[in-house]
Every structure is written in C-alpha cells, then in structure tokens.
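Below you'll find the structure, written out as structure tokens, and then a few comments.
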There are 2 protein chains.
Amino acid sequence: MTAPTRRSRATILEVARDAGVSKTSVSRYFGDERSRLSPDMQQRIAASASRLGYRPNRIARGLKGGQSGLIGMLVADIRNPFSVAVMHGVEQACRAHGFSLMVCNTDNDPAQERDHLALLASYRVEGLVLNVAGHPGEELAALTERDTPLVLLDRSLDDLEADMVGLDNDRAIDAALEHLRAQGYGELLYISEPPERASSRQRRLERFWTKLGADGLEGEVCCLPLDDSPALERAIADFLDRPAAAPRAVLCANGNVTLAVTRVLQARGDTLGTTGLMGIDELDWCGLVGPGITTLAQPTEAIGRAAMDSLLERLTDSRRPPRQVRFSPTLIARGSTRR
Amino acid sequence: MTAPTRRSRATILEVARDAGVSKTSVSRYFGDERSRLSPDMQQRIAASASRLGYRPNRIARGLKGGQSGLIGMLVADIRNPFSVAVMHGVEQACRAHGFSLMVCNTDNDPAQERDHLALLASYRVEGLVLNVAGHPGEELAALTERDTPLVLLDRSLDDLEADMVGLDNDRAIDAALEHLRAQGYGELLYISEPPERASSRQRRLERFWTKLGADGLEGEVCCLPLDDSPALERAIADFLDRPAAAPRAVLCANGNVTLAVTRVLQARGDTLGTTGLMGIDELDWCGLVGPGITTLAQPTEAIGRAAMDSLLERLTDSRRPPRQVRFSPTLIARGSTRR
DNA sequence: TTGTATGCGTTATCAT
DNA sequence: ATGATAACGCATACAA
C-alpha cells in the first residue's frame with residue numbers, strides 16, 4: 001500500500017474528477033457556499049478531498065478574486081520589544097479575521113522600506129500596517145491608488161493623510177514630568193534618538209519643551225544616535241557632573257534609550273533614585289535593575305488590535321475620514337524615581 | 001494634469017500595448033532575459049512600465065511557475081528575544097536570495113501550529129523553517145510529500161528526519177558546569193521549562209544529569225511552567241533555604257527561565273554571586289542586574305543564516321542526507337558567578 | 001442543486 | 001530577436 005508519491009498537490013480538478021462532480025461544486029464546497037450542495041455531494045467531495053490531501057491554492061484564489069488574504073506590515077526595528085508586542089497584537093487580530101500577516105523588518109533603512117513595500121505590493125496585500133523611518137512616497141502612492149487601506153503605527157508621515165495608531169505622546173510626557181516633579185526632581189535631561197524621521201519622537205520632544213516651564217522644572221535635551229556611546233556618556237556626564245540647585249533626573253524617550261542610559265549610569269556608578277531615571281516603554285527587566293526603573297508602559301497589544309481595526313473599517317468604507325487613535329500610557333513607579 | 005485614478009495596477013498586457021510590443025517581451029524584460037531584447041525595445045518597455053507604474057504581480061507569477069517566492073517560518077514564541085534574533089538572521093538570508101519570509105507565531109500552541117502550517121502550505125511556500133512545540137504530523141507530511149525543504153530550529157521532531165540547526169546543547173551544559181565548578185560552586189539547581197515538547201530542553205536536561213557526577217558536583221533539577229510562580233518560588237526556597245556543604249548556584253535552561261528566576265531571587269533578597277546564577281541565552285539586560293548575570297550566548301544570527309543555507313541547499317539537491325548543524329555557545333562571565 | 005465557460009496576470013512552448 | 005498561444009488553479013456569471 002504505497003501512497004502515491006506526488007510531485008505537486010492535488011488540484012481542484014483532480015478532486016472533482018475523483019468525486020465525479022464538477023470543479024464548480026468543489027469550489028463551492030471550499031468557498032462559503034457549502035450549504036448549497038446536497039448532503040450526498042458534500043460527502044463525496046469531502047472524501048475525495050481528504051484522500052487526495054487537497055488544499056485550496058490561495059495563490060490561485062487570489063489571482064482570480066484579487067483577494068490575497070494578506071495583510072502587510074513594515075516594522076522599523078524588529079528587535080525592539082515594543083514592535084514585537086504590537087506585531088503580536090496585529091497578528092492575533094489578523095487571524096481572528098481570516099487574514100495572514102506578512103511582516104517585513106526594515107532595520108530603519110529607507111531603502112529597505114521601499115524594497116519591502118514594493119514587495120508587499122507585488123503580493124497584492126489587502127491592507128498595510130506601517131511603522132517606518134523614511135517616507136516611501138512613490139511606492140506608497142502606488143498602493144493608495146488602489147485604495148489599499150493603510151494605518152500608521154507610532155509614527156505619522158508628512159503629507160500623508162492616513163489612519164494612525166499610537167501612544168498619546170503629550171499625555172506621556174505630561175505624566176512623566178508630573179511624576180518627576182512630584183518626586184522632587186528639579187532638573188531634567190531628556191534623551192532621545194534623532195527625531196527627524198520619527199514623528200512620535202518629535203512630538204515628545206516638543207511637548208517636553210512646552211511643559212517644562214509650566215511645571216517649574218529646569219531641563220535640557222540631548223538627541224543622538226545610540227550607537228555613539230561616547231557621545232552619550234559625555235552628554236550624561238555634562239549633566240550630572242556639575243553643581244545643581246535641585247535633584248536631577250534623566251528621562252528616556254523610549255526603551256532603547258532606557259537601555260543605553262542605564263548602561264552608562266551603571267558604568268559611572270550612579271545610584272538610581274539619587275539620580276532619577278525614568279523611561280517611556282516598559283521592558284521585561286525594568287523591575288530588576290537596582291531599585292527598579294520607573295516607566296510609562298504602552299498598551300502594546302491594544303495598539304496592534306486597534307491598527308487592525310482601522311484597516312478592517314477602511315476595507316468596508318474607504319471614504320471614512322482619517323482618524324487617529326491615541327492610547328494613554330500607564331505609570332509604573334519604581335525605585336529609580338524615589339529619592 | 002490629473003493622474004489617471006486607476007482602480008487596479010497596470011498589467012503586463014497594458015504595458016505591452018503601450019509600448020507596442022508583445023506580452024512575452026515585457027515578461028522577458030522583467031524576468032531574467034532582459035539581455036535577449038534589443039536595446040530599443042528595452043527602452044520602450046522601461047518607459048511604458050515606469051509611466052504606468054507597472055509591477056509584476058507575484059501572485060500570478062507564482063501561479064504559473066509554481067514559484068511563490070515565499071519561505072515560511074513557524075515560531076513557537078515570538079516574544080522570546082532569542083526567536084526574534086534568529087528570525088532576523090533568517091530574514092536577511094531570505095532577502096539575499098530573493099525570497100520573502102512569512103512568519104507565523106504559534107504561541108506554543110499545537111493547534112495554531114497546525115493551522116499556520118496549513119496556511120503556509122496553501123501559499124505554496126518553497127521552504128519551511130520550523131520552531132515548534134507539537135508535532136504537526138499530517139500537515140507536515142503534506143508539505144514534505146511535495147519535497148518542500150524543511151529545517152528544524154532548536155528543536156527536533158521525533159520520527160522526522162530533517163535538517164536541524166541549533167545550539168550544541170551538550171557543549172553548552174558542559175561549559176556551564178565547568179564554569180560553575182571552577183568558580184567554586186558545589187551544589188546546583190537546574191531549572192527548565194517542561195521538556196516534553198522541546199527536544200533541546202530534553203537534551204540539556206539529560207546532559208546535566210550525565211555530567212554532574214563527573215564534575216564532582218551535587219545537583220538537582222526542577223521542571224515547571226513559568227506561569228506558576230508560586231511553584232518556582234517554592235522550588236528555589238527548597239534549594240536555598242537549607243544547610244549546604246558547598247556554595248550553591250542556579251542554572252537556567254533558557255532566557256525565559258533566567259528572567260523568572262532573577263525575579264524570584266530579587267524578591268527573596270538573595271545576593272547574586274553568593275548565590276550563583278547562570279543562564280543559557282544572552283539578553284540585553286543581563287549585564288545590568290546586580291553584579292551582572294553570567295550567560296552562555298547563542299550565535300543567533302548565524303543560526304538563522306545556517307537555517308536558510310540548509311533550505312537553499314536542499315532546494316538544489318533534495319536527496320542530500322539530513323544534516324544537523326550545532327553551534328557552540330559563548331561564555332559571558334559576570335558577577336553572578338563570582339563569589 | 002449542479003454544470004459550462006471564461007478570465008485573472010503571468011510564464012513556457014513553440015513558432016517566426 | 002520577437003510574438004502568438006496555451007496553460008497555471010481557481011472563482012464566477014450564466015445556463016440548465
């Protein structure tokens with residue numbers, strides 16, 4: 001009893017022949033019209049299909065109907081736990097609605113963003129979740145022309161009116177400043193990666209400047225790429241190694257910054273708390289370092305689901321005006337902001 | 001000057017008409033036969049294509065040639081940084097070879113594994129990277145029957161002879177025990193997640209037992225799911241809160257365990273180093289907690305690339321006997337194993 | 001309830 | 001060097 005060693009999978013035609021019915025009937029069986037088939041026929045199709053190991057070919061299906069069943073996602077940095085958590089939310093939502101997710105990591109490289117976008121377009125994705133650094137104008141235009149729904153994640157793009165989901169950056173900064181002031185810190189250093197290509201970074205930065213005086217705080221800002229650790233060390237030393245009128249704290253614009261800054265502070269031998277430390281983004285280890293690092297947690301899974309919701313809505317009604325969904329952060333107070 | 005608001009993308013036919021050539025020529029232009037076209041024709045096709053914004057439809061291409069251009073990857077736990085790092089390596093290699101990667105997270109759920117595998121099959125992926133907990137036999141058989149190349153990641157599957165890439169678990173355990181012994185620890189507690197569905201866990205466990213006596217160490221083992229933190233606390237207390245003849249250390253079977261154990265030790269107020277702590281898998285924060293946590297780092301990117309290499313080879317020669325590639329870990333010694 | 005015929009966008013085969 | 005035409009596997013309008 002040798003199984004037929006086949007080179008390729010069974011097709012709808014083979015099943016039809018085997019069951020003695022037409023291709024159409026088999027197609028209906030695997031489509032959403034199973035109910036329109038007689039019980040007898042359903043039996044025979046089911047039997048043949050399972051014996052032949054038939055699986056509908058989604059590629060062929062997509063070609064005919066224009067329905068690839070695919071949602072595309074561009075992630076600026078897959079090694080950022082925040083991105084992964086959001087992606088997890090998007091994926092769950094995709095599954096729940098019968099879509100599959102195709103994720104492309106771009107390593108914050110605009111060239112890769114363009115390439116991957118073209119790729120996703122060539123697979124005719126039915127929706128797009130974008131978390132990018134550059135502005136892939138042309139490639140994007142090609143997609144939007146087809147009315148492919150689009151949702152921006154965490155970062156918005158100039159001159160692109162699209163749905164957007166992310167953190168309420170103003171509230172995040174407000175909450176951070178309020179917490180730091182309440183804990184008695186009077187001089188702040190805000191450290192961010194270069195904000196040029198990430199709107200959320202810009203927004204946080206602006207808000208920091210805006211609210212600073214209002215809260216009666218002194219502050220300064222430092223923007224630099226995290227791979228330049230000497231520069232980071234210098235910036236932190238400049239801030240901490242001089243006489244000050246009030247307790248000092250460092251505020252980190254995101255999880256990557258928190259990691260880099262924590263390393264520097266640790267190397268310097270600073271005591272967390274005495275030197276305040278707070279970060280946007282909650283990470284696995286924030287409770288473990290020293291007295292614990294105070295953070296503002298983002299509701300990552302919810303953000304992911306919201307992104308998918310946006311897509312689905314727009315799939316139904318492509319004319320709905322662009323909407324922005326902004327989630328509030330949750331303060332997780334720990335020892336790094338306790339003096 | 002209104003751009004032609006088109007509902008769908010330009011097709012090869014439209015380009016052909018616009019350029020006054022045949023479909024075949026356009027197909028050749030975008031395939032690998034550009035050289036066979038006259039310079040003049042190349043010019044005209046290029047012009048028309050770019051003006052119409054034409055992109056070959058990979059779905060249609062896949063239908064005809066059976067080449068989806070897709071590699072599928074099943075990841076047991078996307079929130080595990082180790083998995084993400086490996087995935088990053090796989091993705092890079094995919095890109096380098098003109099493939100796209102379709103990643104499915106299964107949350108360690110065999111049901112999801114089956115579903116996602118069926119899905120990947122329906123997209124006719126040309127290769128498969130598997131990191132799974134269950135044993136999706138039927139679905140897998142369907143794929144392997146088509147000679148879809150397959151490579152197992154970190155975990156092998158019973159009665160499935162396939163390529164496999166991962167850590168050299170024996171060397172990892174040996175290195176850990178040797179280091180701990182050299183640092184003067186004499187009684188060990190090895191903590192692992194349940195090994196039943198992950199061969200690498202089993203292998204590490206066995207090796208631990210095997211080598212224990214040889215190194216003149218006392219040891220015991222504890223296997224439990226990490227979501228049961230009371231049980232973990234109890235196990236650790238049992239080990240640490242009793243008189244001992246020699247310094248004690250906890251060895252963690254992977255990064256997740258290291259995280260959970262570190263939390264418990266911290267809550268108990270143990271001093272790292274005095275109580276030894278060591279883990280397999282290097283994580284961002286291991287250098288930051290207390291005196292630093294000693295780890296064995298896996299060469300994640302290399303593992304990812306090796307997985308893809310396996311696939312590519314097998315795509316060329318499907319008869320090559322199954323091969324296992326095992327990478328050696330790198331010891332990163334820190335304060336948690338310094339008494 | 002079931003079947004026939006056509007087309008989706010592309011590549012492969014066979015011509016010229 | 002270039003083109004006409006037939007598949008690829010499926011869904012759908014239409015017919016019975």
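Fair warning: this is a prediction, and the values are worked out from it, not measured in the lab. Just so it is clear: chains get the letters A, B, ... in the order the sequence lines come, proteins before strands, and each one is counted from 1.
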Between [atom2] on [N] and [atom1] on [X], what's the gap in Å once rounded to a whole number?
X	N	atom1	atom2	answer
B:Asn57	C:dT10	CG	C1'	8 Å
A:Ile12	D:dC10	CD1	P	5 Å
A:Leu13	D:dA7	CG	P	13 Å
B:Asp32	C:dA12	CG	C1'	14 Å
B:Gln67	C:dT10	CD	P	16 Å
A:Ile59	D:dG9	CD1	C1'	10 Å
B:Arg58	D:dC8	CZ	C1'	16 Å
A:Arg44	C:dT2	CZ	P	8 Å

Original post:
Hey, does the side-chain of B:Lys23 have a donor or acceptor N/O within less than 3.5 Å of a partner on the base of C:dT10?
Top reply: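 Indeed, a donor on one side and an acceptor on the other fall under 3.5 Å apart.
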Original post:
Got a donor-acceptor pair under 3.5 Å from the side chain of B:Arg28 to the base of D:dG3?
Top reply: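 Looking at the base of D:dG3, it does pair with a donor or acceptor on the side chain of B:Arg28 (distance under 3.5 Å).
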Taking only N and O in the side chain of [X], is any of them less than 4.0 Å away from OP1 or OP2 of [N]?
X	N	value
A:Tyr29	C:dT1	no
A:Ser25	C:dG3	yes
A:Arg36	C:dT1	no
B:Ser22	D:dT2	no
A:Ser27	D:dC10	no

Of all the choices, [options], which nucleotide is nearest to the side chain of [X] once you look at every atom?
X	options	answer
A:Leu37	C:dT2, D:dT2, D:dC8	C:dT2
B:Thr24	D:dA4, D:dG9, C:dT2	D:dA4
B:Lys64	D:dC10, D:dC8, C:dT2	D:dC8

**OP:** Mind checking A:Val26 for me? I need base, sugar-phosphate or nothing, with any heavy atom below 4.0 Å counting as a touch.
**Re:**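 Touches nothing.
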**OP:** Would you classify A:Tyr54 as touching base, sugar-phosphate or nothing, given that sugar-phosphate means primed atoms plus P, OP1 and OP2, and contacts are heavy atoms under 4.0 Å?
**Re:**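 Sugar-phosphate contact only.
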Subject >> Exercise: identify the closest heavy-atom pair between B:Ala85 and B:Glu301 >> reply: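 Where B:Ala85 meets B:Glu301 most closely, the heavy atoms are O-OE2, 3.8 Å.
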Subject >> Salt bridge flag under 4.0 Å for residues B:Asp40 and B:Arg44 >> reply: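 Counted as a salt bridge, because a side-chain N and a carboxylate O are separated by less than 4.0 Å.
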Under 3.5 Å, is there a donor on one side chain and an acceptor on the other for [X] and [Y]?
X	Y	result
A:Asp107	B:His88	yes
A:Asp158	A:His135	no
A:Asp147	A:Ser318	no

Subject >> Comparing B:Val21 and B:Arg124 on DNA chain D - which has the more 5′ nearest nucleotide >> reply: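 Between the two, 5'-proximity favours B:Val21.
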Original post:
Would you find more than 12 non-hydrogen atoms of other residues, nucleotides or ligands less than 6.0 Å from B:Arg17 atom CZ?
Top reply: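 No, not enclosed.
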